[in-house]
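Below is one structure, written out as C-alpha coordinates; comments come after it.
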Amino acid sequence: MNYKETWQSVLTFLERDLSKGVIATFFGTAELAEIGEGRARILCPNRMALEQLRAHQSQLAEAFRTVCGEDHQFSFEIKPLVNTLPQDPGTLFHHAPPNGLADSYSFENFVVGISNQLAVGVARAVAEQPGALHNPFFVYSGVGLGKTHLLHAVGNSIKERIPDARIIYASAERFTTEFIRSIQSQQTAASFRRKFRSVDALLIDDVQFLASRTASQEEFFNTFNELYLAGKQIVIASDRHPAEIRDVQQRLVSRFAGGMITDIQEPDLEMRLQILRRKAADQQAQVSEEVLLSLAQKIEGSIRQLEGALHQLVAVARAQQAAPTEELLNAVVKTTMPVNPFITPSDIIGSVCRAYRITAEQLCSPKRSREVVLPRQVAAHLLHQISKASSNQIGELLGGKDHSTILHGLGKIEKQLATDEILKNQVESIRGEILGKNR
Ligand code: ADP
Ligand code: MG
(Lines give C-alpha, C1' and ligand atoms only; values in the text may rest on other atoms or scores of the structure.)
(Ligands and ions follow the chains in the order given, each with its own letter.)
Protein backbone atom coordinates (compact mmCIF):
# COMPACT_ATOMS: atom_id res chain seq x y z
CA MET A 1 0.00 0.00 0.00
CA ASN A 2 1.49 3.39 -0.81
CA TYR A 3 1.23 6.32 1.60
CA LYS A 4 -1.74 7.88 -0.08
CA GLU A 5 -3.70 4.66 0.06
CA THR A 6 -2.71 3.99 3.66
CA TRP A 7 -3.92 7.46 4.52
CA GLN A 8 -7.19 6.93 2.63
CA SER A 9 -7.81 3.71 4.53
CA VAL A 10 -7.08 5.48 7.81
CA LEU A 11 -9.62 8.14 6.88
CA THR A 12 -12.21 5.46 6.18
CA PHE A 13 -11.73 4.05 9.66
CA LEU A 14 -11.90 7.46 11.27
CA GLU A 15 -15.44 7.73 9.98
CA ARG A 16 -16.49 5.41 12.78
CA ASP A 17 -15.46 7.99 15.37
CA LEU A 18 -15.52 11.38 13.72
CA SER A 19 -17.91 13.34 11.60
CA LYS A 20 -17.42 13.43 7.85
CA GLY A 21 -17.05 17.21 8.01
CA VAL A 22 -14.18 17.10 10.45
CA ILE A 23 -12.47 14.40 8.45
CA ALA A 24 -12.86 16.19 5.13
CA THR A 25 -11.73 19.55 6.47
CA PHE A 26 -8.79 18.58 8.63
CA PHE A 27 -7.74 15.04 7.88
CA GLY A 28 -8.51 14.95 4.18
CA THR A 29 -6.19 17.86 3.58
CA ALA A 30 -3.36 16.31 5.56
CA GLU A 31 -0.89 13.88 4.11
CA LEU A 32 1.06 10.90 5.30
CA ALA A 33 4.63 11.79 4.44
CA GLU A 34 6.46 8.88 5.94
CA ILE A 35 5.75 5.72 7.86
CA GLY A 36 7.92 2.94 9.19
CA GLU A 37 9.63 1.62 12.28
CA GLY A 38 6.72 2.56 14.46
CA ARG A 39 6.69 6.17 13.39
CA ALA A 40 4.37 8.15 11.18
CA ARG A 41 5.04 11.66 9.97
CA ILE A 42 1.98 13.62 9.00
CA LEU A 43 1.91 16.87 7.09
CA CYS A 44 -0.93 19.26 7.81
CA PRO A 45 -1.98 22.12 5.55
CA ASN A 46 -2.13 24.67 8.36
CA ARG A 47 -1.90 25.22 12.07
CA MET A 48 -5.59 24.70 12.65
CA ALA A 49 -5.55 21.30 11.01
CA LEU A 50 -2.43 20.38 12.92
CA GLU A 51 -4.12 21.14 16.21
CA GLN A 52 -7.19 19.15 15.24
CA LEU A 53 -5.10 16.14 14.30
CA ARG A 54 -3.22 16.37 17.58
CA ALA A 55 -6.49 16.60 19.45
CA HIS A 56 -7.66 13.40 17.78
CA GLN A 57 -4.46 11.46 18.22
CA SER A 58 -6.06 8.55 20.01
CA GLN A 59 -8.57 7.96 17.22
CA LEU A 60 -5.78 8.33 14.71
CA ALA A 61 -3.66 5.79 16.57
CA GLU A 62 -6.56 3.37 16.61
CA ALA A 63 -7.15 3.78 12.87
CA PHE A 64 -3.46 3.25 12.08
CA ARG A 65 -3.43 0.16 14.27
CA THR A 66 -6.34 -1.24 12.28
CA VAL A 67 -4.89 -0.43 8.89
CA CYS A 68 -1.23 -1.22 9.50
CA GLY A 69 -1.51 -3.72 12.31
CA GLU A 70 0.88 -1.92 14.64
CA ASP A 71 1.25 1.09 16.91
CA HIS A 72 2.78 4.31 15.74
CA GLN A 73 4.19 7.43 17.25
CA PHE A 74 3.11 10.51 15.41
CA SER A 75 4.82 13.68 14.46
CA PHE A 76 2.79 16.49 12.96
CA GLU A 77 4.20 19.20 10.75
CA ILE A 78 2.84 21.97 8.64
CA LYS A 79 3.50 21.17 5.02
CA PRO A 80 5.03 23.58 2.58
CA LEU A 81 2.30 24.68 0.19
CA VAL A 82 3.87 23.30 -2.95
CA ASN A 83 3.28 19.85 -1.51
CA THR A 84 -0.42 20.20 -2.02
CA LEU A 85 0.17 19.48 -5.70
CA PRO A 86 -0.49 15.85 -6.52
CA GLN A 87 2.60 13.79 -6.23
CA ASP A 88 3.71 10.55 -7.67
CA PRO A 89 4.00 7.69 -5.28
CA GLY A 90 7.65 7.46 -6.22
CA THR A 91 8.54 10.93 -5.09
CA LEU A 92 6.99 10.42 -1.69
CA PHE A 93 9.21 7.56 -0.70
CA HIS A 94 11.50 9.04 1.82
CA HIS A 95 13.65 5.96 1.76
CA ALA A 96 14.29 6.23 -1.94
CA PRO A 97 18.02 6.48 -2.52
CA PRO A 98 19.35 9.65 -4.17
CA ASN A 99 18.93 8.17 -7.63
CA GLY A 100 15.19 8.30 -7.05
CA LEU A 101 14.54 4.67 -7.94
CA ALA A 102 11.92 2.81 -5.93
CA ASP A 103 12.80 -0.87 -6.05
CA SER A 104 9.24 -2.02 -5.51
CA TYR A 105 8.48 -1.19 -9.14
CA SER A 106 9.89 -3.87 -11.41
CA PHE A 107 9.10 -5.64 -14.66
CA GLU A 108 8.37 -8.78 -12.65
CA ASN A 109 5.42 -7.21 -10.88
CA PHE A 110 4.12 -5.37 -13.92
CA VAL A 111 1.22 -7.14 -15.57
CA VAL A 112 1.33 -7.13 -19.36
CA GLY A 113 -1.80 -7.02 -21.49
CA ILE A 114 -3.00 -5.70 -24.80
CA SER A 115 -3.21 -2.16 -23.51
CA ASN A 116 0.43 -1.89 -22.55
CA GLN A 117 2.31 -4.64 -24.40
CA LEU A 118 3.93 -2.32 -26.88
CA ALA A 119 5.16 0.06 -24.17
CA VAL A 120 6.47 -2.84 -22.10
CA GLY A 121 8.22 -4.36 -25.10
CA VAL A 122 10.01 -1.12 -25.84
CA ALA A 123 10.82 -0.59 -22.17
CA ARG A 124 12.38 -4.04 -21.91
CA ALA A 125 14.44 -3.47 -25.04
CA VAL A 126 15.60 -0.15 -23.65
CA ALA A 127 16.55 -1.76 -20.36
CA GLU A 128 18.54 -4.43 -22.17
CA GLN A 129 20.39 -2.09 -24.48
CA PRO A 130 20.27 1.38 -23.01
CA GLY A 131 20.96 4.13 -25.52
CA ALA A 132 21.13 1.74 -28.45
CA LEU A 133 17.66 1.04 -29.79
CA HIS A 134 14.98 3.53 -28.86
CA ASN A 135 16.33 6.86 -27.82
CA PRO A 136 14.60 8.75 -26.41
CA PHE A 137 11.77 6.48 -25.34
CA PHE A 138 8.63 8.52 -24.75
CA VAL A 139 5.63 6.88 -23.08
CA TYR A 140 2.32 8.58 -22.45
CA SER A 141 -1.07 7.72 -20.96
CA GLY A 142 -3.79 8.89 -18.65
CA VAL A 143 -3.13 8.88 -14.93
CA GLY A 144 -2.74 5.66 -13.00
CA LEU A 145 -1.95 3.41 -15.93
CA GLY A 146 1.61 2.46 -15.09
CA LYS A 147 4.00 5.04 -16.57
CA THR A 148 5.82 5.73 -13.33
CA HIS A 149 6.01 2.03 -12.59
CA LEU A 150 7.49 1.37 -16.02
CA LEU A 151 10.13 4.09 -15.66
CA HIS A 152 11.29 2.64 -12.37
CA ALA A 153 11.23 -0.86 -13.86
CA VAL A 154 13.57 0.26 -16.64
CA GLY A 155 15.92 1.86 -14.11
CA ASN A 156 15.89 -1.10 -11.75
CA SER A 157 16.43 -3.56 -14.52
CA ILE A 158 19.47 -1.71 -15.88
CA LYS A 159 20.80 -1.43 -12.37
CA GLU A 160 20.40 -5.16 -11.85
CA ARG A 161 22.51 -6.07 -14.83
CA ILE A 162 24.96 -3.18 -14.61
CA PRO A 163 25.29 -2.29 -10.93
CA ASP A 164 27.66 0.58 -11.69
CA ALA A 165 25.30 2.26 -14.13
CA ARG A 166 24.43 5.78 -13.10
CA ILE A 167 20.72 6.24 -13.31
CA ILE A 168 18.48 9.05 -12.22
CA TYR A 169 14.72 8.94 -11.91
CA ALA A 170 13.13 12.34 -11.36
CA SER A 171 9.81 13.95 -12.08
CA ALA A 172 10.00 17.09 -14.20
CA GLU A 173 8.81 18.94 -11.14
CA ARG A 174 11.68 17.61 -9.12
CA PHE A 175 14.11 18.48 -11.89
CA THR A 176 12.75 22.01 -11.92
CA THR A 177 12.87 22.47 -8.15
CA GLU A 178 16.40 21.16 -7.93
CA PHE A 179 17.43 23.31 -10.84
CA ILE A 180 15.98 26.47 -9.33
CA ARG A 181 17.59 25.70 -6.02
CA SER A 182 20.91 25.05 -7.74
CA ILE A 183 21.20 28.37 -9.52
CA GLN A 184 21.74 30.20 -6.27
CA SER A 185 25.47 29.71 -6.51
CA GLN A 186 27.92 28.75 -9.22
CA GLN A 187 29.02 25.79 -7.22
CA THR A 188 25.58 24.33 -6.77
CA ALA A 189 24.74 25.07 -10.41
CA ALA A 190 27.83 23.18 -11.51
CA SER A 191 27.04 20.22 -9.31
CA PHE A 192 23.48 20.11 -10.61
CA ARG A 193 24.83 19.95 -14.17
CA ARG A 194 27.34 17.30 -13.24
CA LYS A 195 24.69 15.23 -11.58
CA PHE A 196 22.24 15.21 -14.47
CA ARG A 197 24.73 15.20 -17.32
CA SER A 198 26.87 12.36 -16.11
CA VAL A 199 24.21 9.67 -16.05
CA ASP A 200 23.94 6.58 -18.22
CA ALA A 201 20.17 6.70 -18.14
CA LEU A 202 17.86 9.58 -17.30
CA LEU A 203 14.25 8.80 -16.47
CA ILE A 204 12.06 11.89 -16.44
CA ASP A 205 8.47 11.51 -15.26
CA ASP A 206 5.51 13.79 -15.93
CA VAL A 207 7.40 15.93 -18.38
CA GLN A 208 4.26 18.01 -18.98
CA PHE A 209 5.19 19.84 -15.78
CA LEU A 210 8.12 21.44 -17.54
CA ALA A 211 5.56 23.81 -18.95
CA SER A 212 6.28 27.50 -19.07
CA ARG A 213 9.24 27.49 -16.74
CA THR A 214 11.61 28.66 -19.38
CA ALA A 215 14.96 28.59 -17.61
CA SER A 216 14.47 25.06 -16.44
CA GLN A 217 13.15 24.00 -19.82
CA GLU A 218 16.28 25.40 -21.39
CA GLU A 219 18.35 23.49 -18.87
CA PHE A 220 16.44 20.34 -19.62
CA PHE A 221 16.92 20.84 -23.34
CA ASN A 222 20.66 21.19 -22.88
CA THR A 223 20.84 18.20 -20.57
CA PHE A 224 18.84 16.19 -23.05
CA ASN A 225 21.11 17.12 -25.96
CA GLU A 226 24.27 16.35 -24.12
CA LEU A 227 23.08 12.95 -22.98
CA TYR A 228 21.61 12.17 -26.36
CA LEU A 229 24.78 13.03 -28.23
CA ALA A 230 26.75 10.91 -25.80
CA GLY A 231 24.46 7.96 -26.56
CA LYS A 232 22.94 7.85 -23.09
CA GLN A 233 19.44 6.52 -22.66
CA ILE A 234 16.61 8.94 -22.01
CA VAL A 235 13.13 7.79 -21.01
CA ILE A 236 10.30 10.24 -20.67
CA ALA A 237 6.77 9.85 -19.40
CA SER A 238 3.94 12.28 -19.90
CA ASP A 239 0.20 12.47 -19.57
CA ARG A 240 -0.15 13.27 -23.27
CA HIS A 241 1.49 12.98 -26.67
CA PRO A 242 4.51 15.28 -27.11
CA ALA A 243 2.73 17.30 -29.77
CA GLU A 244 0.02 18.13 -27.30
CA ILE A 245 2.16 19.40 -24.48
CA ARG A 246 1.51 23.08 -24.25
CA ASP A 247 4.44 25.38 -23.54
CA VAL A 248 7.10 22.87 -24.37
CA GLN A 249 9.27 24.32 -27.08
CA GLN A 250 8.91 22.90 -30.55
CA ARG A 251 12.55 21.94 -30.78
CA LEU A 252 12.18 19.81 -27.68
CA VAL A 253 9.07 18.17 -29.12
CA SER A 254 10.91 17.26 -32.30
CA ARG A 255 13.70 15.74 -30.22
CA PHE A 256 11.13 13.57 -28.47
CA ALA A 257 9.70 12.54 -31.82
CA GLY A 258 13.15 11.40 -32.95
CA GLY A 259 12.95 8.30 -30.79
CA MET A 260 10.15 5.92 -29.93
CA ILE A 261 6.76 7.12 -28.79
CA THR A 262 4.22 4.68 -27.35
CA ASP A 263 1.10 5.02 -25.29
CA ILE A 264 -0.57 2.89 -22.64
CA GLN A 265 -4.30 2.34 -22.97
CA GLU A 266 -6.81 1.55 -20.28
CA PRO A 267 -6.81 -2.12 -19.31
CA ASP A 268 -9.65 -4.37 -20.47
CA LEU A 269 -11.64 -6.54 -18.07
CA GLU A 270 -9.37 -9.55 -18.45
CA MET A 271 -6.31 -7.50 -17.64
CA ARG A 272 -7.97 -5.77 -14.70
CA LEU A 273 -8.79 -9.16 -13.29
CA GLN A 274 -5.25 -10.35 -13.82
CA ILE A 275 -3.90 -7.28 -12.05
CA LEU A 276 -6.24 -7.85 -9.11
CA ARG A 277 -5.19 -11.50 -8.80
CA ARG A 278 -1.61 -10.43 -8.80
CA LYS A 279 -2.07 -7.64 -6.24
CA ALA A 280 -4.14 -9.83 -3.93
CA ALA A 281 -1.40 -12.46 -4.01
CA ASP A 282 1.24 -9.80 -3.31
CA GLN A 283 -0.70 -8.80 -0.22
CA GLN A 284 -1.24 -12.39 0.78
CA ALA A 285 -4.93 -11.68 0.82
CA GLN A 286 -7.37 -14.49 0.16
CA VAL A 287 -9.94 -12.98 -2.11
CA SER A 288 -12.21 -15.24 -4.11
CA GLU A 289 -12.26 -15.19 -7.87
CA GLU A 290 -15.91 -14.01 -7.87
CA VAL A 291 -15.14 -11.02 -5.70
CA LEU A 292 -12.12 -10.10 -7.80
CA LEU A 293 -14.20 -10.33 -10.94
CA SER A 294 -16.90 -8.19 -9.43
CA LEU A 295 -14.34 -5.58 -8.41
CA ALA A 296 -12.81 -5.64 -11.89
CA GLN A 297 -16.27 -5.03 -13.33
CA LYS A 298 -17.06 -2.19 -10.96
CA ILE A 299 -13.91 -0.19 -11.44
CA GLU A 300 -12.72 0.61 -14.92
CA GLY A 301 -9.97 2.87 -16.08
CA SER A 302 -7.21 3.71 -13.66
CA ILE A 303 -5.16 0.84 -12.27
CA ARG A 304 -4.29 2.98 -9.30
CA GLN A 305 -7.95 3.20 -8.41
CA LEU A 306 -8.41 -0.52 -8.90
CA GLU A 307 -5.49 -1.15 -6.61
CA GLY A 308 -6.83 1.35 -4.08
CA ALA A 309 -10.23 -0.35 -3.94
CA LEU A 310 -8.63 -3.74 -3.40
CA HIS A 311 -6.46 -2.37 -0.59
CA GLN A 312 -9.48 -0.83 1.00
CA LEU A 313 -11.45 -4.07 0.77
CA VAL A 314 -8.62 -6.10 2.26
CA ALA A 315 -8.04 -3.54 5.01
CA VAL A 316 -11.70 -3.46 5.98
CA ALA A 317 -11.92 -7.26 5.92
CA ARG A 318 -8.84 -7.57 8.12
CA ALA A 319 -10.15 -4.96 10.51
CA GLN A 320 -13.45 -6.79 10.85
CA GLN A 321 -11.71 -10.15 10.87
CA ALA A 322 -14.08 -11.17 8.13
CA ALA A 323 -13.61 -12.60 4.69
CA PRO A 324 -13.56 -10.10 1.82
CA THR A 325 -16.96 -11.07 0.50
CA GLU A 326 -19.06 -9.62 -2.26
CA GLU A 327 -21.18 -7.99 0.40
CA LEU A 328 -18.22 -6.26 2.01
CA LEU A 329 -17.03 -5.22 -1.43
CA ASN A 330 -20.37 -3.56 -2.11
CA ALA A 331 -20.17 -1.75 1.20
CA VAL A 332 -16.65 -0.56 0.49
CA VAL A 333 -17.47 0.54 -3.02
CA LYS A 334 -20.66 2.22 -1.88
CA THR A 335 -19.20 4.20 1.01
CA THR A 336 -16.22 5.24 -1.04
CA MET A 337 -18.04 6.21 -4.20
CA PRO A 338 -20.34 9.16 -3.48
CA VAL A 339 -17.54 11.42 -2.35
CA ASN A 340 -14.75 9.79 -4.23
CA PRO A 341 -11.88 9.13 -1.82
CA PHE A 342 -9.47 8.92 -4.68
CA ILE A 343 -10.00 12.58 -5.42
CA THR A 344 -8.72 14.65 -2.56
CA PRO A 345 -9.19 18.40 -2.27
CA SER A 346 -5.46 18.63 -2.98
CA ASP A 347 -6.01 16.89 -6.31
CA ILE A 348 -8.61 19.47 -7.25
CA ILE A 349 -6.55 22.42 -6.08
CA GLY A 350 -3.50 20.99 -7.85
CA SER A 351 -5.34 20.65 -11.14
CA VAL A 352 -6.79 24.15 -10.96
CA CYS A 353 -3.37 25.62 -10.18
CA ARG A 354 -1.80 23.76 -13.04
CA ALA A 355 -4.47 24.90 -15.45
CA TYR A 356 -4.05 28.53 -14.50
CA ARG A 357 -0.32 28.28 -14.01
CA ILE A 358 -0.33 29.61 -10.48
CA THR A 359 0.92 28.02 -7.29
CA ALA A 360 -1.25 26.67 -4.51
CA GLU A 361 0.30 29.35 -2.33
CA GLN A 362 -1.04 32.07 -4.61
CA LEU A 363 -4.41 30.40 -4.81
CA CYS A 364 -4.72 30.30 -1.04
CA SER A 365 -3.25 33.75 -0.41
CA PRO A 366 -5.36 36.74 0.66
CA LYS A 367 -4.55 38.44 -2.67
CA ARG A 368 -7.50 39.63 -4.69
CA SER A 369 -5.94 40.32 -8.07
CA ARG A 370 -7.69 39.07 -11.22
CA GLU A 371 -5.07 36.38 -11.83
CA VAL A 372 -5.99 34.58 -8.64
CA VAL A 373 -9.63 35.45 -8.04
CA LEU A 374 -10.97 33.50 -11.01
CA PRO A 375 -8.90 30.35 -10.34
CA ARG A 376 -9.99 30.57 -6.72
CA GLN A 377 -13.64 30.68 -7.72
CA VAL A 378 -13.14 27.78 -10.10
CA ALA A 379 -11.46 25.80 -7.32
CA ALA A 380 -14.32 26.58 -4.96
CA HIS A 381 -16.83 25.53 -7.60
CA LEU A 382 -15.09 22.20 -8.23
CA LEU A 383 -14.54 21.51 -4.53
CA HIS A 384 -18.22 22.11 -4.04
CA GLN A 385 -19.28 19.89 -6.92
CA ILE A 386 -16.78 17.06 -6.75
CA SER A 387 -15.92 16.87 -3.05
CA LYS A 388 -19.31 18.12 -1.91
CA ALA A 389 -17.45 20.40 0.45
CA SER A 390 -19.41 23.02 2.37
CA SER A 391 -18.63 26.72 2.06
CA ASN A 392 -16.94 26.57 5.45
CA GLN A 393 -14.75 23.70 4.41
CA ILE A 394 -13.93 25.35 1.10
CA GLY A 395 -12.99 28.54 2.92
CA GLU A 396 -10.61 26.57 5.09
CA LEU A 397 -9.15 24.70 2.13
CA LEU A 398 -8.52 27.94 0.26
CA GLY A 399 -6.45 29.51 2.98
CA GLY A 400 -8.97 30.44 5.66
CA LYS A 401 -11.50 32.48 3.72
CA ASP A 402 -14.81 33.41 5.26
CA HIS A 403 -17.71 31.21 4.24
CA SER A 404 -19.72 34.20 3.04
CA THR A 405 -16.86 35.14 0.71
CA ILE A 406 -16.96 31.62 -0.67
CA LEU A 407 -20.74 31.69 -1.13
CA HIS A 408 -20.46 34.98 -2.94
CA GLY A 409 -17.74 33.57 -5.20
CA LEU A 410 -19.73 30.41 -5.90
CA GLY A 411 -22.76 32.45 -6.93
CA LYS A 412 -20.64 34.59 -9.18
CA ILE A 413 -18.90 31.79 -10.99
CA GLU A 414 -22.13 29.90 -11.53
CA LYS A 415 -23.67 32.94 -13.15
CA GLN A 416 -20.60 33.41 -15.31
CA LEU A 417 -20.57 29.78 -16.33
CA ALA A 418 -24.09 30.13 -17.64
CA THR A 419 -23.08 32.78 -20.15
CA ASP A 420 -19.35 32.49 -20.76
CA GLU A 421 -18.65 29.68 -23.19
CA ILE A 422 -14.87 29.92 -22.95
CA LEU A 423 -14.87 29.78 -19.19
CA LYS A 424 -17.25 26.86 -19.30
CA ASN A 425 -14.90 24.95 -21.59
CA GLN A 426 -11.98 25.74 -19.34
CA VAL A 427 -13.76 24.47 -16.26
CA GLU A 428 -14.95 21.37 -18.08
CA SER A 429 -11.46 20.52 -19.17
CA ILE A 430 -10.16 20.89 -15.61
CA ARG A 431 -12.99 18.75 -14.33
CA GLY A 432 -12.18 16.20 -17.02
CA GLU A 433 -8.59 16.08 -15.89
CA ILE A 434 -9.57 15.58 -12.25
CA LEU A 435 -12.17 12.92 -12.96
CA GLY A 436 -10.06 11.33 -15.66
CA LYS A 437 -7.68 10.16 -12.97
CA ASN A 438 -10.43 8.31 -11.28
CA ARG A 439 -12.79 7.00 -13.82
P1 ADP B 1 0.96 6.60 -13.79
O2 ADP B 1 2.39 6.99 -13.57
O3 ADP B 1 0.65 6.27 -15.23
O4 ADP B 1 -0.01 7.59 -13.24
P5 ADP B 1 1.59 4.50 -11.92
O6 ADP B 1 2.81 3.92 -12.55
O7 ADP B 1 1.80 5.37 -10.75
O8 ADP B 1 0.69 5.24 -13.01
O9 ADP B 1 0.60 3.30 -11.56
C10 ADP B 1 -0.40 3.40 -10.58
C11 ADP B 1 -0.44 2.14 -9.75
O12 ADP B 1 -0.88 1.07 -10.53
C13 ADP B 1 0.93 1.75 -9.22
O14 ADP B 1 0.79 1.26 -7.93
C15 ADP B 1 1.39 0.69 -10.17
O16 ADP B 1 2.26 -0.22 -9.52
C17 ADP B 1 0.09 0.04 -10.57
N18 ADP B 1 0.13 -0.48 -11.93
C19 ADP B 1 -0.04 0.21 -13.06
N20 ADP B 1 0.03 -0.59 -14.14
C21 ADP B 1 0.27 -1.84 -13.67
C22 ADP B 1 0.44 -3.12 -14.30
N23 ADP B 1 0.40 -3.26 -15.63
N24 ADP B 1 0.67 -4.16 -13.49
C25 ADP B 1 0.71 -4.03 -12.16
N26 ADP B 1 0.55 -2.85 -11.51
C27 ADP B 1 0.33 -1.77 -12.26
MG1 MG C 1 3.08 8.73 -12.71
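Counting starts at 1 for both ligands and their atoms, following the listed order. These numbers were taken from a predicted model, which means no experiment stands behind them.
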Ring geometry between [Y] and [X] (parallel below 30°, tilted from 30 to 60°, perpendicular above 60°):
| X | Y | answer |
| --- | --- | --- |
| Phe192 | Phe196 | tilted |
| Phe76 | Phe74 | parallel |
| His149 | Tyr105 | tilted |
| Trp7 | Phe27 | parallel |

*Give a yes/no answer: is there an N/O/S atom of Ser171 under 2.8 Å from the Mg ion (ligand 2)?*
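Short answer: no, not a single N, O or S atom is under the cut-off.
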*Using heavy-atom distances, let me know which of Ser302, Ala102, Gly144 sits nearest atom 1 (P) of ligand 1.*
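Of the listed residues, Gly144 has the closest heavy atom.
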_I'd like the name of whichever of Arg278, Glu307, Glu5 reaches closest to atom 12 (O) of ligand 1 through any heavy atom._
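Closest candidate by heavy-atom distance is Glu307.
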*asked:* Can you tell me which portion of Asp205 lies within the under-4.0 Å heavy-atom range of ligand 1? Options are side chain, backbone, both, or neither.
replied: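 Near ligand 1, Asp205 shows nothing, with every heavy atom at 4.0 Å or more.
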_Over all atoms of both residues, closest heavy-atom pair of Leu145 and Ser302_ =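 Looking at all heavy atoms of both residues, the closest pair is CD2-CA, 4.1 Å.
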*Mark up the atoms of ligand 1 that fall under 4.0 Å of a heavy atom belonging to Val143, in ascending order.*
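Here the atoms of ligand 1 in question are 4 (O).
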*What atoms in ligand 1 come closer than 4.0 Å to a heavy atom of Leu145?*
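So the atoms of ligand 1 that pass are 1 (P), 3 (O), 8 (O), 19 (C), 20 (N).
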*Measure the distances from the heavy atoms of Val112 to every atom of ligand 1 and state whether one is below 4.0 angstrom.*
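No heavy atom of Val112 comes that close to ligand 1.
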_Can a donor-acceptor pair be found, under 3.5 Å and without considering hydrogens, that links the side chain of Asn222 to the backbone of Glu219?_
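The answer is no, because no donor-acceptor pair under 3.5 Å joins these two groups.
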